Every structure is written in structure tokens, then in C-alpha cells.
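Below is one structure, written out as C-alpha cells; comments come after it.
As the structure is a prediction and not an experimental result, all values here were calculated from the model.
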Amino acid sequence: MTSAELRSKFLEFFHANGHEIVPSSSLVPSNDPTLLFTNAGMVQFKDVFLGEDTRPYSRATTAQRCVRAGGKHNDLENVGYTARHHTFFEMLGNFSFGDYFKAEAIDFAWRFLTEELGLAAEKLWVTVYVEDDEAADLWLNKIGVDPARFTRIGDKAGGKRYESDNFWTMGDTGPCGPCTEIFYDHGPAVAGGPPGSPEEDGDRYIEIWNLVFMQYNRDRAGTLTPLPKPSVDTGMGLERLAAVLQGVHSNYDIDLFQNLMRAVARLAGLDTLDNPSLRVIADHIRSCSFLIVDGVVPSNEGRGYVLRRIIRRAARHGHRLGLREPFFYRLVVPLVAEMGQAYPELAAAEARIEQVLAQEEERFAETLENGLRLLAEAVRSLPGHRLPGELIFRLYDTYGFPVDLTADIAREQQLELDMDGFEREMAAQRAKARAASRFDADYGAGVKVDGKTRFVGYDRLEDTGQIVALFKDGMAVDTLQSGEQGIVVLDQTPFYAESGGQVGDTGELRSEGRLFAVSDTRKFGDAHGHLGKLEAGELRRGDRLDAHVDGARRQAVVLNHSATHLMHEALRRVLGEHVEQKGSLVAADRLRFDFAHYQAVTPEQLREIERIVNAQIRMNLDAQAHVMSLEQARQTGARALFGEKYGDEVRVLEIGFSTELCGGTHVRRVGDIGLFKIISESGVAAGVRRIEAVTGDNALRLIEENETRLGLVADLLKSGRDDVDDKLRQLLERTRQLERALEDARGKLAAQAGAELVDAAQTVGEIKVLAARLDGMDAKALRETLDRLKDQLGRAVVVLGAADEAGKITLVAGVTKNETSLIRAGDAVNQVARQVGGKGGGRPDMAQAGGNKPEKLDAALASLTDWVAEQLAYNVA
């Protein structure tokens, strides 16, 4: 039975028994900020089990895609070295939400395994929690399991009650209960004993199905109370069960993995599949592809960093197989062939997955080559079998070589890692960074405020509040004097505190004889702190002040913030649902929005985004904000930032076609924005793009400035505005023709210079040595001359140098192929470069360098012949 057939058979069996087939949820959990990735089938039903959500069905079955490659659940380091560890796997499960319980769950499991799949009862082994007499009775007396193949599993040695492999908990508190596990016996040919025995860590008995019975609620005191509606949550690894049915011991020997491994082997030109790197790559293409499907892109933090690690690990194993060009993306097509029918979203995203993988692998190629070479050189010179922490850190910090890849290679070569030393180096670097990051204006550091400020600024810009706290230099004080900087905390304020990307308000706090100029407003816990300077008078705790927000600045911020929501929705409609906010800044002069996307946004796409946003503005619909519970907000479809912490009540903003959670300030009608204009689009990190835009008066001002520039360009080109592009195109073509003519002239000059220099070469042993100065030539002309000289001289070492009018020196060096084992071009060019204030590098046969001391260039070039003689004497000896 193939893996695909098994997946279908499982779902169809439970569907026939009254279960709703629920599609796999995303690998990015939408309802659990404690999880990096979806790592079990029950994740999408967590709120149902907690009683916070209801479904129109009480029985469900799924084939849930899961990833365990980061955070608490991380199997990455074991992938490729064991038979059953994966970064990506599929969890088959059936669930009861207060419907059936132990008897039915056990009966379903046994019937599916023994009747539907035909597994022999004598090959199965069952465990229950030691105190679960009900489950034991069902197995032994109703199902008729052989008591010799049945084990009660107790609490862990030295642990508390209910700390057992057969007692499941959702957390320290909440739903919990005993579980029963079914193992498959691979036979005496495999080492290991049954579960519960001293030899249970062996591989003979493999757990294939876990049935969790949620029958209690645990409170903070540890007391268990029976749940009014006990539920069932089961999980069975598709890959493990497929291995059993296909008569193989390792998951990597099942059809799904074998087909992927054959695809890798074809790329690498291998005749056998007996290579751990093939297993690693076959596993990693699944996790990487599905993570990209679910909107994750490579980056330096969070999920994106995990994805980047997995891609780079695959690239490194491809390098081990001799694959020097990007190859990983070419496995997407074979993967779609294997899993595209079960997961249509995979097939739909095929081109995007290939593009993301290819870009990331190309970006990593140079880092990989340099890191592997440096690591190999370091290993050869090691006095023992331990990589020092300083080396691990240097590879990571200077050359960008990931620590997990260093660990991977070290394990293969049976080397230990000095991770304590690495952490010391990292700590020292962080300390230096902190010391270098001093903010003169950050007088809010260390401020802690008890209490809460009531924000009244959604519908007014002026109000009166009482001072509840004052701070100066980070310390609480009773008074502030004229001329002092500090922080004023009021019991209520119309000033918006910086949050969600929106900058804090500015303005004034004043009363008779007192004026505090507010330069920023920030949150300190639940309090709003007004940062600024007391311009006049004295402030004391308990004083009442009139708060006046700078209305013009607030309005400019409001326009930009509201436009940000519209642009976010437009981005998703134009670029795809994978677009996810990665950061934002909403200021008075512009808006800045960072988002996940794998390539530059085209000019055509930017124009479409602008068009969509401005169309929404012209519709001039009301903008509405509603306060509701987080669960109600989810039911409205409001988009939230995953990982953000929200309270029990949230503010849902409906503006145009956008519905999002947002606590910021916004326009009353969408038309108030006036006009939206994108200024720029750029990349800020791998897989993260940035758009900057302006609205309202700033957008009009930008258009006016562009009109003025267009007029100036037209005047310079002596053309009308409508003809500027044609006139400029003609001018550029003429410039290119002149550049080509100049290039031809330089080529002839280089050829002539080369011919004249051949006779100037000196002979050292059997090698010709030539060092010459050719001022007036650029780097390209020097390289062309170098190539001609190498061809004409035969066995040669050549260094050419040129200085321009500004005193900048360009050096190129070449060594003929058969002589690179004796002398490297990089060493030769640096011998000269060091004397003229520069350095460089390159390939063994060609290298380039610079310098800034032209007065020393002649002497430096003249030293080359003696240096070559020394090198030859040393290397030949």
C-alpha cells in the first residue's frame, strides 16, 4: 500500500464512521502563540478542546502536516541519522469533541489496524496508564488483546504523580488525561525490548498510534476534576505506518521517500540510495516547500530563520554529494508529483516555492564554499578532537557560516564542539554592541509605572488629566523644575503612545504658568508617559494639566496609518496570501511597511497596488472601529499579527475592504486620506521587502516636485514633456555607441601594450616573471592585457598595476594554470598590494587588489621577481 493510498484509506474509514474530514491546517498556528509551528494534529482543535470554540461537527478526522524543527519540539539535528526523525511529517488523527470516548476510540483503532490494514494482532503491543483500569478492561476483555502483549506504564522514576509517557497534559493546567499507545513489533531481528522494559529504547517495538483520553481538568493546585464532556485526540504518523505496511524498518525506505531520494540521486549522478545526505535532502524538501506554501520566507528571525537553516542544511548535504550548482529547487516538481494530489495548495504554489528556494540557495553558495574551506583548514591543524569556541564564533560572525552546520560537520568527523567558548564569544560581542548603542535622548530607560492611563484620544485631541507620576533620568521624582527633561504620566490623556508602528503624539501639557513640551509619548506598561522638557514653571505629582495634542501632526499620522491598512490588503490581493507584515512605521511625513515576499515587486504590481488603494479612497466609505472579545474578532475574519499579545478585548478596524485588529488612530471616512502615492520599494532582508509611501498633502507635494523635475529634464533635453522619453532614449543610445568605441580603442591599446611587454619579462628558473605599470588603464583593460600576456609567455607569473589621477591603484595578477601549485595569484598580488597600502584576493590563477600609495608602486612592482624566486626556492625544496 502506497503512502497516498494509506492516507486516503484512513480518512475514508473514519468518514464512514461519522467523522468530518477536516483539511490540514497551516504549519503556522493561527490560535496558539506558544507554538512556532503546528507540531501535532490537535493544534487546530485546541480551542475546541478548551471550550473556547465550537464546530458544526462533534467527530473529526485529519491528515495534518506537521513540522518539528525549532523551539521546544526540534528534531532537526537527528534528521538523516535515525530511521524515524523528520523535520516534516504527516499526523493521521481522529477526534471526538464530547461525543464518543474510550470504548469507541479503542474499537476504531483496533478495527482499522487489524481489519482494514490486515495487521496481525500478535505483531501489536498495547500500553495504558497504570491507573487506567477502564482502558485496560476494554483492551483485555472486550478487544481480547493477549495479556502477554500488554503493559501498564506508571509514573516516571522520581517524578510526580501523572508524570508518565502514558498521561497527556496540554500544559501545567487545563485538559489532561491518560493515553493508550499501540506499538508494532518489527521482530527479533531488530534489537530492543517491549515498552516498559529496560530494553525499550531499542528499535524493535515502534509506537504507531497514541490515543489520548481527555477526561480531567487540572487546576493550579494539581487537583484533577472530571470534565463534563470527555474527548478523544489521537495521532498516528503516516510515515511510520507506511513503513510497517511496506515491510521496511526505516521510514526512509517507504515509497514516498524513495521516490524523492531517487530524484536527488539522479541530480547527483548516484547509482545507489545508500547515502545519509539523500535522506536529509528528501526530508528537507518537504518541510521547506510546505513552510513556503504557508507563507514563511527565509529570514534571520523566528520561523524564517528556521526555514533558512533547513534550506542551508540541505544545500550543504547537496555539496557533499558533489552538487555545486543550485539543485534544491529542482526537487519541487518530484515532491508535487508525490503529494500534490493530497495537498492542492502545494501544486498551486510550485513556481513560488522554486523561486524562493533557488534565491536562498544561490545566496548561500559563496558562504558555503568559504566556510567549508576554512573549516577544513582548521580541522587539519587541530591539536585534538575539539573545535574551539573562538573558531566556531569566527566562522559564524565573520563568514556567516551557521553554527548548526558547523555542528553537523563536526558530528560527521567525530569532533566535539566547545559551545561554552562560543557562548562566551557571543556574550562579548553583545556587550560591545550594547556599549556602542548609546541613545542620548533615551531618558525613558528603566522607567516602571504602576497603574494605568485611560486613553481618550480616539475622539478628541484635548483633555485634562492629573499627574500620577514624574520621572527624571529614569528615576521617580516628586517635582520637575523649569529646564529639566523628564516624563509626565497622567491618569488620562488624549496623547497616543507609540504602538503598533504608529509614532507617539507630540504637543503640550499646560496650566497657568506651567508649560511642558511633549516631544514623544510612549507606553510604560499600561501607562502613557509624556516625554519632553518643562519649558516654564514647576510640576508636582497631583497637579492637573490641560493636554493639547499637535492636531496637524496627528492628522498626518492618521492618514498614513489608515492607508497602511488599505495597502496591506492590496498587497495580499496583488502578490498573494503569503504576504505577512514584518514591521511598520507610521509617521507624519510617510508610512513604511515591511512584509514577507520572496522577490522585488515589479513596477506594474506597484501601480496596481496604488490603483487599488486610491480606488478605495475614492469610494469614501466610513471607517468603523469596534471593541469586542478576541474570539468574536476571529469570527469576523479580522486579520491579526501572529505573535502579538492581545488582551481579552480587542479593537477591530473596518476600513474599506480591510478588517484588522488595530489600536491606532484612524480617519473617520476613507476619503479623508485624499491620495496615496508609493515612493519606493526595496529589499531590507532576505525574503522581506519594504514599501514607503505618502498620503494627503505630502502625496500632492511629491507629484508637484516630480512635475517640476520633468520640466527641468525636458528643458535640458530641449524637448517637450511628452517627448522626454524618446529624446532620452536617443541620447543613451548615442552614449552607448561612444562607450563601445572607447572600449575598442582600449582593447587595441591593451593589445599593443601586451606585445611590447613580452620582451620585458624576466626568467626565474623556467618561469617568466613580469611586473609592469600601465597608468590610464581601468581594471577591465588590465585583465584583458593580463590574459594576453599569460598566453604569450607560456609559464608565467604576471602582475600589472595602474594609478589614476586621484591616486587610486588597481592591481591584477595572473599565474598560468600549471604553476598555481607553486605560486597563487592572490599571494602575488598581495605581495605588491601590501607595499602600496592595499590588499586583495581571488582565484589561484587570477586575483585583483587595490592601493592608495602611487609613489610606492614602481618599487613594489620591481620587488616581484625576487619574491617569486624566494617562493620557488621554498616550494620546490
- Message: Can you tell me how the ring of Phe49 sits relative to the ring of Phe45, calling it parallel under 30°, perpendicular over 60° and tilted otherwise?
- Response: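 Rings of Phe49 and Phe45: perpendicular, as their planes differ by over 60°.
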- Query: Glu498 pairs by side-chain contact (heavy atoms from CB on, under 4.5 Å) with which of Leu531, Asp520, Val586?
  - Reply: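 With Glu498 as partner, side-chain contact (heavy atoms from CB on, under 4.5 Å) holds for just one option, Asp520.
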Note: [X]-[Y] ion pair, threshold 4.0 Å (strictly below):
X      : Y      : result
Glu705 : Arg701 : no
Arg514 : Asp543 : yes
Lys533 : Glu484 : no

Indicate every side-chain donor-acceptor pair of residues 555-563 with a distance under 3.5 Å to a residue at least two apart or in another chain.
from	atom 1	to	atom 2	distance (Å)
Asn560	OD1	Thr695	OG1	2.6
Asn560	ND2	Ala556	O	3.4
Asn560	ND2	Ala587	O	2.8
Asn560	ND2	Ala588	O	3.4
Asn560	ND2	Arg590	O	3.4
His561	ND1	Gln502	OE1	2.6
Ser562	OG	Val558	O	3.2
Ser562	OG	His666	ND1	3.0
Ser562	OG	Val667	N	3.1

- Close side-chain approach of Val468 to Leu490, heavy-atom, < 4.5 Å: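 Val468 vs Leu490: side chains apart.
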- Tyr343 versus Val293: any side-chain heavy-atom pair under 4.5 Å?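 Not touching, per the 4.5 Å side-chain cut-off.
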- Item | Interatomic distance, Leu346 atom CG to Phe290 atom CZ [nearest 0.5 angstrom] |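 Reported to 0.5 Å precision, the distance equals 4.5 Å.
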- Might you work through the side chain to side chain donor-acceptor pair (under 3.5 Å) test for His548 and Glu508, ending with a clear yes or no? CA-CA 5 Å; His548 298 266; Glu508 295 178 345; over 6 Å; no
- Message: Quick one, Phe495 with His528, criterion ring-ring contact (aromatic ring centres under 6.0 Å, His included). Give me CA distance, side-chain angles, the key distance, then yes/no.
- Response: CA-CA 8 Å; Phe495 280 75; His528 288 213; 9.5 Å; no
- Can you tell me if CG on Asp459 sees more than 12 non-hydrogen neighbours from other groups inside 6.0 Å?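 Enclosed.
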- Give the intermediate values and the outcome of side chain to side chain donor-acceptor pair (under 3.5 Å) for residues Gln355 and Gln599. CA-CA 8 Å; Gln355 191 163 20; Gln599 62 183 7; 2.2 Å; yes
